[in-house]
2 protein chains.
Amino acid sequence: MTTRNKPIYFEQLHYQQRRIFNFIKRFMDRYSYGPTMREIMTGLDISSTSVVYYHVNRLVETGFLEKGHGISRGLRIPDHYFEPPASVSVPMLDEIITNFSERVPCYGRRHEIPTEWLRGRAADDVYALRVNTHLMYDAMVNDGDVVVLRRQSRLNDGEIGIIMLPAKKETRIRRLKYEGEWVCLEPLMSVMQPLRCRQDEIQIVGKVLGLMRQF
Amino acid sequence: MTTRNKPIYFEQLHYQQRRIFNFIKRFMDRYSYGPTMREIMTGLDISSTSVVYYHVNRLVETGFLEKGHGISRGLRIPDHYFEPPASVSVPMLDEIITNFSERVPCYGRRHEIPTEWLRGRAADDVYALRVNTHLMYDAMVNDGDVVVLRRQSRLNDGEIGIIMLPAKKETRIRRLKYEGEWVCLEPLMSVMQPLRCRQDEIQIVGKVLGLMRQF
DNA sequence: CTTTAAACAGAACTTTTGTTCTCTGTCTAA
DNA sequence: TTAGACAGAGAACAAAAGTTCTGTTTAAAG
C-alpha cells in the first residue's frame, strides 16, 4: 500500500482527476453502479482508456477512490465521502419513568432528532418524551411538545435537566445549580420562582438536549 | 415489457429467489457494487450461472430487481426498497424578509427538520428562522429558538402563521381567525390578548410548521 | 538546453462476466 | 398418460471491461 501524503484536499487534485472523480460520483448517483473506464472516457471526452486508467489509479493512491483489482465497474467512493446522517431516530416514551434502573418501555414509535443535538456523543440513552401540561411553564414548554433527553442521574452545574420532586409529585425542566449541600432549580423563564432544596429531595431524570414542537 | 401481477409481496417469492435477492442486497451493502452471476452462484452454492441468470430475470420481471442488459455487475435494487429520508434540510434565514417577492438571502447554513413536518408536501419555500426576542411570548417561543415556516401569503382559517403588523413594526406568531372583514390574531398562550384588525393591516409571512429548540 | 517525470494516445491483450443453448428432471392439469 | 410450465446442470460463446505495452507530448526543474 503506497499512500502519498501530498494532496489532502479535493481542491488540490489536478483538473482531470477532479473531473473524473465528479463524473464517477454523478454516475453512481444516477445508475447506482459505477462507470467503466470506457464510459468515463467517452463521458469526459478523453481520448484513451489508458488515460482514465492512469488517473483512476492516481485517485486510488491518494485515497479519493477505492477499486477492486480486475473487477468490472468495481469503483467505490470511500465511506468518509458520504456525510453522516443528518438526523437520528430515538425511541419515544409515553411518560416519565420514575425508576430508571428498570427497563424502559418502548412502544415502537420513534422520533427523529438532528444529529447535531447529540454533540458528537452516541445516541445511547437518548429518548423523546411527549410532555403533558404539568411541565408547562417551566421552560416555555407547551402541552404536546416533544422533549429530547439523555437519561442520566447526574447533571453538571448549570445544565438543564428534567428533575423530579418526589415529595411534591412534580416534574420540572430546570437549570441545576449546586450550592454546597443545597441545589437551586432555576427556571428558564424569569417569571417563575427558583426552587431551593436538599440534594436528596430531587431525582434527576436526564439532561435535556432539545425540544421539538409541531404545529 | 411483460409484467406479471402474481407475486407482489417479497414473502410470496420462491425460496431460491428470496435467497438471491437477499444475497444481492447484502453484497451491495458490503461492497457498494453488485455481484456477478458467478459470485451469486458460488455464494449461494448454486450449481450453474444459468440458474442464477434464470432467477435474476424472474426477479426483474416481478419488479424486485432492475438490471442493465449486458452490463457487468449491473444489478440494481429499485428505489422504493429504500426508505425515504427521515429528515430534510432547509435553508436558514437570518431575519424575516418583508417583501417575499424578492430573492430570499440564504447564507449557506441549513437546518434539519423531520420529513413528517412537511405532511407529504414538498420542501419548497420551507425555511428555518432563528427568532430573536421580539417574538418571544407569542407562542411559547424563546429567544434562540428555530421556527420552521412555509413561505406563503395566505392562511386558512385557524392556521398558525408568522404575521407582520407593518404599522406597529411588530412580528407575531399567532393563530389566524377570519371574522368577515376583520381578522383575529389569537395567541397560543391564553395569558396574551387576542388582536383584532383589518385584513389590510396585516401581512402574512408564512405558515408555521414547527419549532426546534436546542438546549 | 537538457533532463525528468507526469500526462496523453493508441492499440492490443487478457480477464471477467453476461448470455445462450441443449439437455434433464419434476410436477401439475387436462 | 401426456403436454407444458418450471427449475436445474453444464458447457460454450460473445460481449464487456480491466490491464498492459510502447511511444509521444508537455511542462517544470536543473
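Convention: sequence-line order gives letters A, B, ...; per-chain numbering from 1.
- Closest approach of B:G63 and B:P78 over heavy atoms only: O-CG, 3.6 Å.
- Remark: B:R213 engages B:D145 in a salt bridge, criterion side-chain N to carboxylate O under 4.0 Å.
- A heavy atom lying under 4.0 Å from DNA chain D marks none of the residues of residues 17-29 of chain B.
- Here the P atom of nucleotide D:dC6 and the CG atom of B:L13 are 15 Å apart, to the nearest Å.
- Classified by interplanar angle (parallel below 30°, tilted 30° to 60°, perpendicular above 60°), the ring pair B:F21/B:F64 is perpendicular.
- Atom P of nucleotide D:dC21 and atom OH of A:Y54 are separated by 17 Å, given to the nearest angstrom.
- In this structure, a donor-acceptor pair under 3.5 Å is absent between the side chains of A:S87 and B:E112.
- For A:S50, the listed nucleotide lying nearest its side chain is D:dT20; candidates were D:dT20, C:dA7, D:dG8.
- Listed candidates were C:dT20, D:dA17, D:dT19. Nearest to the side chain of B:I71 is D:dA17.
- For C:dG10, its base never sits under 3.5 Å from the side chain of A:T49 at any donor and acceptor pair.
- In this entry the distance linking CZ of A:R38 with P of D:dT20 reads 14 Å, nearest Å.
- The side chain of A:R73 contributes an N or O atom lying less than 4.0 Å from OP1 or OP2 of D:dA17.
- OP1 or OP2 of D:dT19 sits under 4.0 Å from a side-chain N or O of A:K67.
- Rounding to the nearest 0.5 angstrom, the gap separating the CD atom in A:Q214 from the CE atom in B:M212 is 11.0 Å.
- Taking 4.0 angstrom as the limit, A:Y53 places a side-chain polar atom (N or O) nearer than this to OP1 or OP2 of D:dT20.
- Here the P atom of nucleotide C:dC8 and the NE2 atom of A:H14 are 10 Å apart, to the nearest Å.
- C:dT16 atom P lies 11 Å from atom CD of B:E39, rounded to whole Å.
- Nucleotide C:dA7 holds its P atom 10 Å from the CD atom of A:E61, rounded to whole Å.
- Of the side-chain N and O atoms in B:Q16, none sit less than 4.0 angstrom from OP1 or OP2 of D:dC6.
- Below 30°, between 30° and 60°, or above 60°: for A:F23 and A:F27 the angle between ring planes is between 30° and 60°, a tilted geometry.
- Minimum interatomic distance between A:D157 and A:K177 (heavy atoms only, all atoms of both residues): OD1-CA, 3.2 Å.
- Judged purely by distance below 3.5 Å, without hydrogens or angles, the side chains of B:Q17 and B:H55 pair a donor atom with an acceptor atom.
- Between A:H55 and C:dA6 there is no side-chain N or O to OP1 or OP2 distance below 4.0 Å.
- A salt bridge links B:E39 to B:R73: at least one charged side-chain nitrogen sits closer than 4.0 Å to a carboxylate oxygen.
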Next item on the list: Produce a footprint string for nucleotides 24-29 of chain D: one letter per nucleotide, 5' end first; B if the base is under 4.0 Å from any protein heavy atom, S if only the sugar-phosphate is, - if neither.
Entry: ------
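- In terms of modelled atom types and a separation under 3.5 Å, the side chain of B:R175 and the main chain of B:E159 share no donor-acceptor contact.
- In this structure, CE of B:M37 is placed 15 Å from C1' of D:dA14, rounded to the nearest angstrom.
- One can place CE of B:M41 at 13 Å from C1' of C:dG18, the figure rounded to the nearest angstrom.
- Between A:H69 and the phosphate of D:dT19, there is a side-chain N or O to OP1/OP2 separation shorter than 4.0 Å.
- Heavy-atom distances to DNA chain D give each of B:S48 and B:S72 a nearest nucleotide, and the one nearer the 5′ end belongs to B:S48.
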